[in-house]
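Throughout, protein chains are lettered first and strands after them, A, B, ... in sequence-line order, and every chain is numbered starting at 1. Values reported hereafter were calculated over all heavy atoms of this structure, with side chains retained and with hydrogens, waters and symmetry mates removed.
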Number of protein chains: 2
Amino acid sequence: MTRSTLDRRAAQKAERRSTIVDAARDLIEERGGPTFGVDELAARADVSRRTVFNHFPSLDDLFLTVCEDALAVVVDDFLARIARTPLGDGGRSAMFDEIAAAMHDADLPAAIATILRILGGPSPADERKAPLTDAAFSRVTERLLAEVLRRHPAADVLEAELLVESLMGGIVVISRHWVERTGGRLDAAARATWQDLLARLIANVRNGYLPAAP
Amino acid sequence: MTRSTLDRRAAQKAERRSTIVDAARDLIEERGGPTFGVDELAARADVSRRTVFNHFPSLDDLFLTVCEDALAVVVDDFLARIARTPLGDGGRSAMFDEIAAAMHDADLPAAIATILRILGGPSPADERKAPLTDAAFSRVTERLLAEVLRRHPAADVLEAELLVESLMGGIVVISRHWVERTGGRLDAAARATWQDLLARLIANVRNGYLPAAP
DNA sequence: TGCATTGAGTGCAAGGTTGCACCTAGTGTA
DNA sequence: TACACTAGGTGCAACCTTGCACTCAATGCA
């Protein structure tokens with residue numbers, strides 16, 4: 001009754017893949033950034049150098065995966081916060097309120113700092129890795145949208161997409177500003193800066209998305 | 001500086017092999033004997049049924065390997081006892097004495113009981129497995145001979161072989177008798193029976209191998 | 001006796017991993 | 001500028017594992 005039908009190959013391949021990802025994460029933690037080569041990574045993962053490229057078309061893809069894995073815990077927390085709030089009526093205001101509240105509560109600065117650590121600091125020498133940040137946030141956006149639609153099956157899909165895109169796109173924008181200003185620090189001042197930026201974002205989106213308060 | 005040159009393939013293959021052996025040992029422990037099929041073993045080892053036969057030409061070979069692994073600890077103890085005794089002059093008497101002493105001290109009944117458990121009890125239904133017992137003892141003989149020759153580089157090789165063969169062959173003989181009489185028990189009475197048989201063996205070999213005492 | 005069933009063992013093709021040779025772009029240096 | 005060197009990435013053949021279909025011998029049963 002083991003997973004005989006479910007192809008043991010798939011499980012083993014996934015295990016190899018996560019072995020590589022784990023090794024990369026560990027090395028990043030130790031070095032404070034992705035400052036290592038394929039050979040070193042392969043040796044750490046006890047895997048052939050060739051196998052690394054069999055699983056990931058490039059190192060950037062691997063780093064992106066590490067990013068997403070590291071972000072996953074924060075995203076899970078973020079979505080859990082939304083899930084814990086009572087269900088609204090599926091209207092614009094209900095969806096907006098629950099997302100905004102979760103954004104206030106979730107430790108997004110920590111998540112962003114994680115990305116920065118992975119991608120090499122607030123002022124990375126090579127800008128090639130900027131798209132990775134976008135890609136990481138893009139996955140978060142997808143998950144958030146899915147959660148919102150799950151919670152509000154009757155909601156207008158287009159409106160939900162616009163809302164989530166606006167908010168998450170804004171998060172990317174204010175993340176960059178926040179990194180510029182604070183360097184990704186996690187002290188009280190930096191967190192205050194984040195709250196300021198977040199407040200401006202939410203106010204902006206509310207103004208454009210929700211009807212003006214009477 | 002990892003084992004890059006030493007072919008990672010060999011290491012991985014060895015690991016797979018020991019995974020299978022471990023699974024077999026565990027199953028034997030649980031069932032009290034090798035009362036399981038290839039499919040169950042493969043599932044337990046999380047390995048393809050085909051892979052089992054890629055590593056072992058038959059289940060008997062696998063059982064033999066489990067035997068040897070289980071025996072290894074006792075054999076190590078046995079050889080360690082010999083190694084701890086002071087080096088003699090390399091003559092017949094010196095070699096005989098140190099082996100005989102180790103045989104007295106080592107817990108051979110436990111080793112034999114282990115084999116019995118693995119091979120299915122003192123009165124196995126199928127006699128096909130009898131050769132496995134001989135094979136297991138044969139490996140022990142090889143190791144003992146190597147150890148003796150290592151300790152006595154100047155010894156006559158033929159005489160050392162004859163001595164070890166005689167003693168170990170005798171061990172096989174009295175093991176069978178011991179199992180017949182005691183069923184492989186490990187209580188005081190059974191151990192006394194073992195000591196009786198062993199004394200007769202050693203006396204026999206001494207009479208034939210060493211010159212009569214003056 | 002005839003027949004179905006079970007379990008050991010094999011042949012084979014498909015797919016994953018590995019080592020090696022190789023290509024290429026970027027970088028340091030004379 | 002020319003050259004060497006490093007490091008990411010690819011092509012390829014060899015090897016290992018796996019699932020599947022198959023054979024064969026033993027056992028159980030009508």
Between the side chains of B:His152 and B:Glu147, does any donor sit under 3.5 Å from an acceptor?
no
### Query
Any side-chain N or O of B:Ser48 less than 4.0 Å from the OP1 or OP2 oxygen of D:dG19?
yes
- Just checking, is any N or O donor in the side chain of A:Asn204 or A:Arg200 under 3.5 Å from an acceptor N or O on the other one? no
Hits for side chain to side chain contact (heavy atoms under 4.5 Å, CB included) against A:Arg31, two or more places apart or cross-chain, chain-then-number order -> A:Leu27, A:Thr35, A:Phe36, A:Glu40
side-chain contact (heavy atoms from CB on, under 4.5 Å) assessment of B:Phe78 paired with B:Val140: CA-CA 10 Å; B:Phe78 185 82; B:Val140 177; 5.7 Å; no
Distances for protein N/O vs nucleotides 12-16 of chain D N/O pairs under 3.5 angstrom?
unit_1	atom_1	unit_2	atom_2	d
D:dC15	O2	B:Arg9	NH2	3.3

Show each protein N/O and nucleotides 6-8 of chain C N/O combination with a separation under 3.5 Å, one pair to a line.
unit_1	atom_1	unit_2	atom_2	d
C:dA8	OP1	B:Val38	N	3.4
C:dA8	OP2	B:Val38	N	3.1
C:dA8	N7	B:Arg49	NH2	3.4

- C:dG15 phosphate, OP1 or OP2, under 4.0 Å from A:Gln12 side-chain N/O: no
Taken to the nearest whole Å, CG/B:Leu62 to P/C:dG9 is 10 Å
Residue pairs passing the salt bridge (charged side-chain N to carboxylate O under 4.0 Å, His left out) test with at least one member in residues 163-174 of chain A, sequence neighbours excluded, are none
One should read off an interatomic distance between B:Arg206 CZ and B:Leu167 CG, to the nearest 0.5 angstrom, of 10.0 Å
With sequence neighbours left out, the residues meeting side chain to side chain contact (heavy atoms under 4.5 Å, CB included) with B:Val173 are B:His177
Between CD of A:Glu40 and P of D:dG8 the distance, given in whole Å, is 10 Å
Return a table of donor-acceptor pairs under 3.5 angstrom between the side chains of residues 182-193 of chain B and protein atoms on other chains or two or more places apart.
unit_1	atom_1	unit_2	atom_2	d
B:Thr182	OG1	B:Trp178	O	2.8
B:Thr182	OG1	B:Gly184	N	3.2
B:Arg185	NE	B:Asp187	OD2	2.8
B:Arg185	NH1	B:Thr182	O	2.8
B:Asp187	OD1	B:Ala189	N	3.3
B:Asp187	OD1	B:Ala190	N	2.8
B:Arg191	NE	B:Leu186	O	3.2
B:Arg191	NH1	B:Asp107	OD1	2.8
B:Thr193	OG1	B:Ala189	O	3.0

